[in-house]
Amino acid sequence: MNQDTQDLGSDTQTQHDQHGRWPQAETVEDFRRNLAAVHARIDASCERAGRDPAGVRLLPVSKTVDEARIRLAYAAGCRCLGENKLQEVSRKWEAMADLTDLKWSVIGHLQTNKAKLVARYAAEFQALDSLRVAEALDRRLQGEGRSLDVFVQVNTSGEASKYGLQPDETAAFLRQMPSFPSLRVRGLMTLALFSAEAARVRQCFVLLRTLRDRLRQECPQGVGLDELSMGMSGDYEIAIEEGATVVRVGQAIFGARNTPDSYYWPAESGPDAAA
Ligand SMILES: *Cc1c(COP(=O)(O)O)cnc(C)c1O
């Protein structure tokens, strides 16, 4: 295990054995209970790591969840939701335009032909990993007269199938960001290895944090690296022990998904096969 790993939390296990078994939330009460349970685990993880829970934002992820259940989550207090795919979320944006204080965070790979939708409707984009997308987004944002909070996605698992920049490409990428004045870089985002082996999952989070700490020292003006978006239902507690400021949690709040994860991050073929 890496030296940077905090000894205190190193026994924390993943909840990946729960994967696909979280019960469906069907009522506002279910959502309240699930949100409270996740917040309690966030607080406990912060306690172990000696962190202030105010420094960790829970981003509920509502992909595959239909409008009716999203409205229940809204009633239970959710005001920002993460979605992975544009074709899915753009329908929801239209259907739920009446919920004017509900913000949407796009957390999945973006194709340039969808940049206009993100520029118009999203509050945040967490999966920036190409200059082409940066360029397309910046141009669309200027057209809208808006700016957008973005996270740069880094591949920390070494899996060819995962999106994101290689860690050693990230510094050069960040140096280009001042060319895109409508993008406000807030930090880095990653998906850990999907494994029940907690130590290997933790390595991914340690890698993102140490990369961030290193890049901070040479960061161009206007590029912020305060945020680390890492951790999902199966591993957010470990991510928090390693410094996550945003955790993206779907199934532990909404219930198990039927859609296999390979639909969102292809396992067999290369990332471009998903396009
Ligand atoms: C679906 C998704 C999550 C949440 O996964 P859960 O297992 O539902 O918690 C987190 N990050 C990204 C990028 C996702 O697509």
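All ligand and atom numbering here is 1-based and tracks the order in the structure.
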Using a distance-only test with no angle check, is there a side-chain donor-acceptor pair under 3.5 angstrom linking [X] and [Y]?
| X | Y | value |
| --- | --- | --- |
| E237 | Q15 | yes |
| R21 | Q251 | no |
| S147 | S182 | no |

(request) Compute the centroid of each ring, for F254 and then for F31, and state whether the two points are separated by less than 6.0 Å. (result)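 Yes: the rings meet the under 6.0 Å criterion.
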(request) Consider ligand 1: state whether an atom of it lies below 4.0 angstrom from any non-hydrogen atom of Q126. (result) no
(request) Please work out which of R248, K63, Q15 has its closest non-hydrogen atom nearest to atom 2 (C) of ligand 1. (result)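 Among R248, K63, Q15, the closest heavy atom to atom 2 (C) of ligand 1 comes from K63.
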(request) Check N84 against ligand 1 and report side chain, backbone, both or neither, counting heavy atoms closer than 4.0 Å. (result) side chain
(message) Quick check: G250 and ligand 1, any N/O pair under 3.5 Å apart?
(response) yes
(request) Run the numbers for me: atoms of ligand 1, each under 4.0 Å from some heavy atom of V249, listed by number. (result) 9 (O)
(message) Using a 4.0 Å cut-off to any heavy atom of R257, which atoms of ligand 1 qualify?
(response) 1 (C), 5 (O), 6 (P), 7 (O), 8 (O)
(request) If you link ILVMFWY side chains whenever their heavy atoms are less than 4.5 Å apart, which other residues fall into the same cluster as F151? By chain and number, please. (result)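 L59, V61, I107, M189, V246, listed by chain and number.
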